[in-house]
Every structure is written in C-alpha cells, then in structure tokens.
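In what follows, every heavy atom counts, from backbone to side chain, and hydrogens, waters and symmetry copies are set aside. What you see is a predicted model, and the numbers here were worked out from it, not measured in a lab.
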Amino acid sequence: MTPVVEARDVWKAFDGTVALHGAGLALESGSIHALVGENGAGKSTLIKSLTGVHAPDRGELLFDGEQRDFTGAQASMAAGVSAVYQERNLVPQFSVAENLFLNRPSLRAGFLQYERMYREAEVWLERVGLRVDPRRTAAGLSTAQGQLVEIARALALESKVVLLDEPTASITAREAAVLFELLRELRDRGGAILFVSHKLDEVFELCDRITVLRDGQTILAGVDRGKLTQGEVITAMVGRDVTFSERAAPTLRHDDGPALLELRDVVTSLGHEGVSLSVEAGSVVGLYGLVGAGRTELARAIVGVEKIEDGQLLRAGRPVRVRDPHDALQAHRIGYVSEDRKTDGLILSHSVSHNVGITIWDRVKSLLGFITPARERSRVAPIVEQMDVKLSSLDQQVSQLSGGNQQKVSVAKWLASDVDVLIIDEPTIGVDVRTKEEMYLLIEELARGGTGILLISSDLAEVIRLSDRVLVMANKRIVAEFEGSGDYAVLSEHVMEAIIEAEPVRETIVPN
C-alpha cells in the first residue's frame with residue numbers, strides 16, 4: 001500500500017543546531033501511527049515540516065506518492081492535512097466558534113453566518129467533551145479547554161490526514177477516552193492519523209504502529225505495536241536501558257505548627273464557593289478534577305492573579321492578602337509553576353538565564369541595583385544543570401528550546417527562588433518519560449526538604465503516586481478528599497465516583 005504521507009531522509013537545522021538528520025516516517029490510510037521520542041528528538045519539527053511550517057533543508061515529502069512542498073499550513077490544509085501543534089494557536093479576541101472554524105468560516109454573500117457557526121460549533125465541542133459557550137471569547141479558556149478547541153477544529157476539517165502533537169498533554173483520562181473513540185472512528189473510515197505523545201500507556205492503547213526518533217534520527221520505523229514492549233520503546237528513545245524507581249518513602253511532614261498554606265471557605269470572582277484546603281510543610285497535596293472544574297483558576301486566585309472575594313487565605317497561620325504573583329513570591333514565599341508556560345510561565349524572547357533568574361533578581365543585584373550577567377549566570381547555572389535542560393548556552397532564547405525543555409526552565413526558576421510553598425500546575429506537561437521520572441523525584445525531594453506543595457495534574461496516576469492527600473474538585477468546589485499513595489485502582493475508582501456524583505456525564509451529540 002502506498003503511504004498517504006511519507007517523509008524520506010529529512011534534514012533540518014536551526015542556527016547551526018541540527019533538529020532532524022535523515023528522519024523518515026510513513027503514514028498509511030486506516031491507521032493510527034505513534035511518533036515518540038525524548039524532548040528535543042525532533043518530533044514537532046518533523047510535523048511542521050510535513051505541514052509546510054518549516055521547509056526541510058534536504059529530503060523528500062510525499063503525499064499519495066507524489067512529492068509536495070507546501071508553502072505553509074494553509075496549503076497543507078487545502079491538500080487534506082490538518083494538525084494540532086504542541087503550541088496553542090487560538091486567537092484570544094475571537095469567540096470559541098470563530099476559532100473553531102477559523103480555516104473554513106460559514107459565509108453567505110461574503111458575510112459570516114454566526115448562528116449557523118454557533119450551532120455547528122456546539123456539535124463539535126460536544127464531540128470532544130467540552131462544555132463551553134461557543135460565543136465566549138477564547139481568552140477566558142484554560143489551557144486544557146483551549147487544547148480541546150484546537151482538537152475539535154482539526155477534526156471539524158474532516159481531513160484525510162490528521163497530525164496531533166501532544167493532544168492529551170493537559171486533559172484528563174476521561175476527556176482522552178472521548179478523543180480516542182473519535183480517532184478510532186476516523187481511522188475506521190480510512191483516515192491516517194499521526195499521534196505524538198509522551199504517555200506510552202496511551203500509545204500502546206490507541207496506536208497501530210510506532211516510530212521512534214532519537215536526536216533527529218529515526219531509530220524504529222513504523223513497527224507494529226504488538227511487536228514491541230514499553231521497555232523496548234523507552235530503550236530506543238534514550239539509547240540505553242532505563243530503570244524507574246518506585247515512589248520514595250512517604251514524605252517527611254513538618255506538622256509542629258500551622259499549615260504553610262490554608263484556605264478557609266474561599267469564594268473567588270470566578271465562581272469558587274466555600275473552598276477549604278491546607279498544605280502542610282513537607283507534604284504534597286494533589287488537586288484533581290476534569291477540564292473546567294476550576295483547579296487552575298483556584299491556583300491563580302491563591303497567587304493574586306484572580307480575586308478572592310470572601311473567606312480567608314492564611315500563610316503559616318496568619319491571614320494574608322496576596323496582591324499579585326510578585327507579592328506572592330517576595331512577601332509570602334509562594335511560587336507558582338503555571339500550566340500555560342508560554343503565556344504565564346516564560347518570556348519566550350528572553351534567554352534561559354533571564355527566565356530562570358527572574359525570581360532571584362532582588363537577591364543578585366548589586367548595591368547600586370544592577371544585575372550583572374555573570375552574577376545571574378553563576379546562580380542560574382547549577383539549577384539548569386540539575387534540571388538537565390538541553391541547550392546550547394544559558395544565553396539561548398527559550399523559544400528555541402523544545403517544549404519539554406521549556407517546561408524544565410519553567411520549573412527551574414522556582415527552584416532558584418527557594419520558596420516555602422510551591423503550586424505546581426501540570427508539572428509533566430509535554431515532557432518525555434525519563435524527564436517525567438526526574439520531575440517526580442524532584443517533587444519528592446522538595447517535599448522531604450520541608451516545602452509544601454499543591455500539585456495540580458490531569459494525570460490521575462501522577463496525582464496518586466505523588467500526593468499524601470488527594471482533593472477532588474468539581475464545579476469549582478472541593479467535593480471529596482482521600483489519602484494518597486494507596487492502591488491506584490481502588491483510589492481512582494473512588495475519585496471518579498466522586499466526580500460523577502458531583503458532575504453527571506452528559507450524553508455526547510454525534511454530528512449527522
């Protein structure tokens with residue numbers, strides 16, 4: 001069978017850094033094909049080469065057996081190729097519906113047919129399990145909601161080739177299950193799907209074939225999933241055997257005083273009501289819920305981005321008012337690793353050194369208030385080395401790093417700040433299996449050192465592994481609390497029962 005999409009011996013370099021050298025990939029109709037590799041392996045670059053975002057330096061791109069050189073994403077879409085890129089690409093000022101049909105708006109006599117667009121948008125939003133008003137602007141969406149809108153946009157194009165780069169990075173297992181059913185339907189109708197993910201459990205559940213990239217080269221090319229184990233895939237990704245640890249002994253709690261962070265009957269401007277929780281020194285408190293439950297919004301209220309309208313926020317037993325994230329850091333020693341690293345967590349046009357050092361500028365400036373690059377780099381370098389960030393130098397722009405390495409920088413800046421309370425929202429979004437394990441060990445180490453951690457994650461297994469206590473949020477309320485680190489199967493069942501009881505599942509509408 002002639003592949004519907006094929007990349008042969010593709011090379012691509014950026015400013016002297018080789019991203020792809022001799023990479024190959026072949027997608028067949030009626031197949032879901034996984035593309036996996038470590039951060040920086042070249043996965044996103046290969047996808048962007050296929051869609052015309054990047055022009056390969058060498059190599060061939062074939063579609064239905066004929067060489068094609070797309071001049072941009074619009075050209076590839078016109079040829080029947082749609083993509084969801086790792087970076088979010090919504091227009092904040094446009095409505096959800098306008099974003100969903102950005103590439104094929106409903107027109108009559110040159111005018112947008114808004115009511116028809118809203119009706120059709122509701123259908124596609126329901127298909128991916130997202131319950132938002134299609135008339136609202138995209139600016140108010142969470143990262144996970146935005147991701148689902150982009151997935152709905154790609155599926156609404158009904159293309160014969162769909163390329164998905166980390167589509168489940170910030171959505172929960174329930175939303176992922178809905179997406180997988182849609183992808184299986186598309187495959188069974190003859191579609192060709194490329195699925196990029198660091199979650200190997202998803203890869204082995206969903207995909208028919210697996211291609212592995214390492215350092216820009218194809219190591220395994222389209223191998224039948226049934227002929228591989230997860231261990232073999234990981235070995236191909238990293239080039240050696242990797243051993244993963246069990247969870248360390250329970251974190252050492254420092255309970256001799258008041259909780260480091262406490263909320264009492266908090267009401268926010270975003271609709272949270274009666275939220276109470278506590279984070280003790282040396283503990284990891286997990287906060288889990290479905291997309292739209294209000295987890296990220298609560299974190300933003302704690303650090304002063306959103307408004308707390310009633311109730312109390314206490315820091316070490318003392319009621320405080322946090323004005324903004326700078327005040328949270330400087331006055332209250334509360335750090336926040338945002339789930340949206342590109343908007344809230346990083347300054348993409350600045351260097352790695354500046355991004356990591358920004359939280360300690362007040363400590364590294366001279367008596368005259370100047371911050372010398374040498375002094376900044378001396379404080380930043382050990383943290384960047386500890387996080388094993390792959391970069392050419394500390395002066396490299398963060399925008400030039402892979403998504404996983406950007407996430408490492410986002411976490412590194414808070415390690416440098418040495419906060420007492422750290423809120424971590426989606427700590428392993430977009431990172432590979434080895435980096436995920438390193439992140440887990442880092443979180444456990446921070447807790448053993450006395451840091452109080454509020455962990456927000458869409459990965460329930462991650463929450464259960466890392467947390468001493470698991471709080472369940474639905475409809476912007478805490479609806480249940482469980483002891484963490486127990487039997488995953490039992491605990492996950494209890495968590496989902498609590499969510500379903502508080503937030504009944506709505507029937508999915510299928511388009512005609």
Side-chain angles (χ1 to χ4, degrees), residues 96 129-133 135-137 139-146 148 170-172 174-175 258-280 283 285-315 317-325 327-328 332 334 336 338-340 344 421 423-426 452-458 460 463 467 469-484 494-506:
V96 169
L130 181 58
R131 289 175 281 170
V132 298
D133 185 347
R135 295 167 176 80
R136 68 180 288 186
T137 60
L141 298 176
S142 69
T143 298
Q145 289 171 329
L148 287 171
S170 60
I171 62 177
T172 66
R174 194 168 84 171
E175 286 95 26
L260 290 180
L261 177 71
E262 186 176 0
L263 304 184
R264 293 180 183 172
D265 296 318
V266 161
V267 177
T268 75
S269 59
L270 298 176
H272 298 87
E273 293 185 8
V275 176
S276 297
L277 62 82
S278 62
V279 179
E280 294 76 21
S283 69
V285 177
L287 186 59
Y288 182 80
L290 302 182
V291 172
R295 301 164 299 158
T296 292
E297 293 82 355
L298 182 65
R300 289 167 62 85
I302 292 173
V303 298
V305 178
E306 308 295 347
K307 185 179 180 182
I308 292 180
E309 296 185 331
D310 201 0
Q312 287 186 310
L313 188 157
L314 295 91
R315 176 72 175 84
R318 181 173 60 88
V320 298
R321 178 177 174 271
V322 180
R323 296 189 299 272
D324 52 47
D327 184 51
H332 307 294
I334 301 173
Y336 174 44
S338 166
E339 70 165 343
D340 189 351
D344 301 325
V421 178
I423 303 170
I424 310 178
D425 197 347
E426 303 291 1
I453 297 173
L454 180 61
L455 173 72
I456 301 171
S457 176
S458 301
L460 183 53
V463 172
S467 303
R469 288 182 291 119
V470 178
L471 307 180
V472 182
M473 178 166 276
N475 297 319
K476 298 180 180 176
R477 296 173 178 267
I478 303 293
V479 297
E481 178 175 338
F482 303 98
E483 287 296 315
H494 290 330
V495 168
M496 295 312 298
E497 285 174 353
I499 290 175
I500 292 170
E501 184 176 340
E503 187 176 335
V505 180
R506 285 170 50 181

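With sequence neighbours excluded, no residue satisfies salt bridge (charged side-chain N to carboxylate O under 4.0 Å, His left out) with R321. Q312 pairs by the side-chain hydrogen bond (donor to acceptor under 3.5 Å, both in side chains) definition with nothing, not counting sequence neighbours. Looking at residues two or more places apart in sequence or on another chain, you find a side chain to side chain contact (heavy atoms under 4.5 Å, CB included) between S338 and Y336, D340, D344. Shown here are the side chain to side chain contact (heavy atoms under 4.5 Å, CB included) partners of E273, two or more places apart in sequence or in another chain: R477. Residues satisfying the salt bridge (charged side-chain N to carboxylate O under 4.0 Å, His left out) test with D133, not counting sequence neighbours, are R135. Not counting sequence neighbours, the partners of R264 by the side-chain hydrogen bond (donor to acceptor under 3.5 Å, both in side chains) test are E262. Take D310 and apply the salt bridge (charged side-chain N to carboxylate O under 4.0 Å, His left out) test, not counting sequence neighbours, and it matches no residue. Applying the side chain to side chain contact (heavy atoms under 4.5 Å, CB included) rule to A301 yields the partners T268, E306, I308; only residues at least two apart in sequence or on another chain are considered. Applying the side-chain hydrogen bond (donor to acceptor under 3.5 Å, both in side chains) rule to R136 yields no partners; only residues at least two apart in sequence or on another chain are considered. In terms of the salt bridge (charged side-chain N to carboxylate O under 4.0 Å, His left out) criterion, residue partners of E481 (sequence neighbours excluded) are, by chain and number, R469. Checked against side-chain hydrogen bond (donor to acceptor under 3.5 Å, both in side chains), S457 has the following partners two or more places apart in sequence or in another chain: E462. L130 pairs by the side chain to side chain contact (heavy atoms under 4.5 Å, CB included) definition with L125, V128, V132, Q145, L148, V149, V291, not counting sequence neighbours.
Minimum interatomic distance between Y288 and R295 (heavy atoms only, all atoms of both residues): C-CD, 3.6 Å. Of all the heavy atoms in S467 and L455, the pair that sits closest is OG-CD2, 4.1 Å. The two residues S278 and V285 have their closest heavy-atom pair at O-CG2, 3.6 Å. Minimum heavy-atom separation, A474 to A293: CA-CB, 4.2 Å. I499 approaches G289 most closely through the heavy-atom pair CD1-CA, 4.3 Å. Here the closest heavy-atom approach between residue V305 and residue P325 is recorded as CG2-CG, 3.6 Å.
One distance of note links CG of L298 with CG of L471; it measures 10.0 Å at 0.5 Å rounding. Interatomic distance, CG of L454 versus CG of D425, reported as 9.0 Å (0.5 Å rounding). Residue T172 holds its OG1 atom at 4.5 Å from CG of L290, rounded to the nearest 0.5 Å. The distance from the CD atom of E280 to the CG atom of L260 is 8.0 Å, given to the nearest 0.5 Å. How far CD of E297 is from CG of L270: 6.0 Å, rounded to the nearest 0.5 Å. Atoms CE and CD1, from M473 and I456 in turn, are 8.5 Å apart once rounded to the nearest 0.5 Å.
A donor-acceptor pair is defined here as one N or O able to donate and one able to accept, closer than 3.5 Å; no such pair exists between the side chain of E501 and the backbone of A498. The backbone N or O of H332 lies less than 3.5 Å from a partner atom in the side chain of R315, making a donor-acceptor pair. Counting only distance, with no hydrogens or angles, the side chain of H272 and the backbone of V266 share no donor-acceptor pair below 3.5 Å.
Inter-residue side-chain proximity for D327 and V322 is flagged as met; some heavy-atom pair is nearer than 4.5 Å. Residues E339 and S142 have side chains in contact (heavy-atom distance under 4.5 Å, counting atoms from C-beta outward). Side-chain contact check for L263 versus S276: every heavy-atom pair is 4.5 Å or farther apart. At least one side-chain heavy atom of I423 sits under 4.5 Å from a side-chain heavy atom of I334. Under the 4.5 Å side-chain criterion, counting only non-hydrogen atoms from C-beta, L287 is not in contact with V463. Between V279 and I453 the shortest side-chain heavy-atom distance does not fall below 4.5 Å.
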Go through I171 and S458 one step at a time and tell me if the side chain to side chain contact (heavy atoms under 4.5 Å, CB included) criterion holds.
CA-CA 6 Å; I171 62 177; S458 301; 5.6 Å; no

T296/T143 under side chain to side chain contact (heavy atoms under 4.5 Å, CB included): CA gap, chis, key distance, verdict:
CA-CA 9 Å; T296 292; T143 298; over 6 Å; no

